[in-house]
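To start, the structure itself, in structure tokens.
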Amino acid sequence: VSYEPFVDVLKAWAGVASESDAVAQRDAIESMVVETVGGDQAGDVFPLVARMLGLDPGSAYGATLAGIEGAALERRIHEVVRTLVAARSKRRPVVLAIEDLHWADQSTVVLLESLLPMVETCALLVVVSFRPGNAQTSGRIAEFADRSFRLRHHRVRLRRLDRRQTFRLARDLFNTEELPHEVVDIVERKGEGNPFFLEEIARTLVQSGAVVDHGGGRLGVGDRLASIGCYGTLGELVMSRVSNLDPRTRHVLETASVMGRRGYRRVLEAMLGDGVDLDEALEKLQAGCFLRPMSSRQTAIRKVRTLSSET
């Protein structure tokens with residue numbers, strides 16, 4: 001989705017609920033724009049914001065959008081987003097937080113790049129998280145920030161856990177002070193010092209029966225531990241958990257994966273059709289950490305990164 005993080009921000013500013021129809025969303029966005037920039041500017045700002053969000057601004061705004069396409073439309077969208085951010089920052093400081101910038105589309109990257117200079121003139125803080133090695137997305141923004149805002153830019157690099165830190169996290173994940181040496185060996189080899197990988201390995205070991213909880217903080221090694229150690233990648237470990245799902249739940253997960261990293265329940269319901277107990281399936285998938293609910297949308301679901309091809 002073009003501009004996806006900014007679409008979420010604008011809808012949040014307008015208080016748009018995910019279940020709202022297009023008319024309700026348009027009205028909420030228009031009210032937000034009028035309140036933010038005032039009635040005099042709203043006529044220029046709102047139709048472009050609506051276009052950005054995929055909404056019909058209405059015939060009254062047709063003249064504003066007439067003949068604007070391609071690069072010209074992109075420039076105008078950048079202008080109105082900067083106008084909104086500047087106006088809101090005059091009332092209170094604005095924090096723009098974008099997660100997983102390495103997965104962003106180019107429209108998001110270019111828009112973010114156009115917003116960064118505002119940190120020198122507005123009460124604006126931009127926080128992004130990303131993995132290294134993605135030159136066209138997060139790498140581009142990091143290089144731009146390093147080059148243009150050296151005094152206002154701070155990068156926090158998260159390093160891999162060392163052996164002691166890995167062991168400490170593993171004990172917390174398994175809720176025990178003593179780990180069988182076979183488990184420690186797999187955690188160290190497969191986890192690669194990555195906390196996210198370690199969490200996924202712990203889930204796989206427990207859910208597969210490779211590690212058995214005997215109570216009282218005592219863990220035992222199950223028959224499947226040797227087979228878990230044979231998986232070459234984290235992706236193979238994840239898929240082993242997927243294969244253990246019952247057919248109906250697995251079908252829901254496979255259908256949800258078509259929507260990408262984020263999707264809405266109503267869309268998933270339409271894709272699945274009748275005859276599927278979606279509540280039961282989602283409960284199982286959330287318990288298994290395949291999906292998690294969006295904090296800002298009651299009806300939205302989001303796949304955990306374990307299902308991304310990048311892992």
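Quick note: numbers below take in every heavy atom, side chains included, and nothing from hydrogens, waters or symmetry partners. Numbering of residues begins at 1 and proceeds along the displayed sequence.
- Among pairs with a residue in residues 274-283, those fulfilling salt bridge (Lys or Arg N to Asp or Glu O under 4.0 Å) read Arg265-Asp279, Glu280-Lys284, at least two apart in sequence or across chains.
- Taken to the nearest 0.5 Å, the CG atom of Leu173 stands 8.5 Å off from the CZ atom of Arg203.
- Note on residues 149-161: pairs passing side-chain hydrogen bond (donor to acceptor under 3.5 Å, both in side chains), not counting sequence neighbours, are Asp146-His153, Asp146-Arg155.
- Evaluation of the ring-ring contact (aromatic ring centres under 6.0 Å, His included) rule for Phe167 yields no partner, not counting sequence neighbours.
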Derivation of the side chain to side chain contact (heavy atoms under 4.5 Å, CB included) call for Val80 and Asp44: CA-CA 8 Å; Val80 299; Asp44 295 326; over 6 Å; no
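- Between Arg189 and Asp185 there is a salt bridge, with a side-chain nitrogen of the basic residue lying less than 4.0 Å from a carboxylate oxygen of the acidic one.
- From Glu79, atom CD reaches atom OG of Ser114 across 9.5 Å, with rounding to the nearest 0.5 Å.
- His102 contributes a side-chain N or O that, together with a main-chain N or O of Arg131, makes up a donor-acceptor pair within less than 3.5 Å.
- If you chain together hydrophobic residues whose side chains sit under 4.5 Å apart, Val85 and Val34 never meet in one group.
- Between atom CD of residue Gln136 and atom CD of residue Gln106 there is a gap of 6.0 Å, rounded to the nearest 0.5 Å.
- Val156 belongs to a hydrophobic cluster with Leu158, counting contacts under 4.5 Å between side-chain heavy atoms of Ile, Leu, Val, Met, Phe, Trp and Tyr, direct or through other members.
- When the options Val276, Thr255, Val258 are evaluated for a side-chain contact (heavy atoms from CB on, under 4.5 Å) with Leu268, the one that passes is Thr255.
- Applying the ring-ring contact (aromatic ring centres under 6.0 Å, His included) criterion to Phe6, with sequence neighbours excluded, gives no partner residue.
- At distances below 3.5 Å, at least one donor-acceptor pair connects side-chain atoms of Ser107 with backbone N or O atoms of Tyr3.
- Evaluation of the salt bridge (Lys or Arg N to Asp or Glu O under 4.0 Å) rule for Arg140 yields Glu113 as partners, not counting sequence neighbours.
- Taking Ile, Leu, Val, Met, Phe, Trp and Tyr as members and joining any whose side-chain heavy atoms lie under 4.5 Å apart, directly or through other members, Leu151 forms no hydrophobic cluster with any other residue.
- In this structure, Leu125 shares a hydrophobic cluster with Val95, Val127, the cluster being traced through Ile, Leu, Val, Met, Phe, Trp and Tyr side chains under 4.5 angstrom apart.
- Using a 4.5 Å cut-off between side-chain heavy atoms of Ile, Leu, Val, Met, Phe, Trp and Tyr, with links allowed through other members, Val110 and Leu115 fall into different hydrophobic clusters.
- Applying the salt bridge (Lys or Arg N to Asp or Glu O under 4.0 Å) rule to pairs touching residues 163-174 yields Arg163-Glu188, Arg171-Glu177, sequence neighbours excluded.
- Take Glu143 and apply the side-chain hydrogen bond (donor to acceptor under 3.5 Å, both in side chains) test, not counting sequence neighbours, and it matches no residue.
- Pairing each heavy atom of Ala281 with each of Val252, the nearest pair is CB-CG2, 3.7 Å.
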Output a table of donor-acceptor pairs, distance under 3.5 Å, between side-chain atoms of residues 47-58 and any protein atom two or more places apart or on a different chain; print 'none' if there are none.
unit_1: Arg51; atom_1: NH2; unit_2: Glu69; atom_2: OE1; d: 3.2
unit_1: Arg51; atom_1: NH2; unit_2: Glu69; atom_2: OE2; d: 3.4
unit_1: Asp56; atom_1: OD1; unit_2: Gly58; atom_2: N; d: 3.0

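- Through ILVMFWY side-chain contacts below 4.5 Å, Val23 is grouped with nothing and stands alone.
- Ile98 and Phe149 fall within the same hydrophobic cluster, defined by Ile, Leu, Val, Met, Phe, Trp and Tyr side-chain heavy atoms under 4.5 Å apart, directly or through other members.
- Using a 3.5 Å distance cut-off with no hydrogens or angles, the side chains of Asn134 and Thr137 do not pair a donor with an acceptor.
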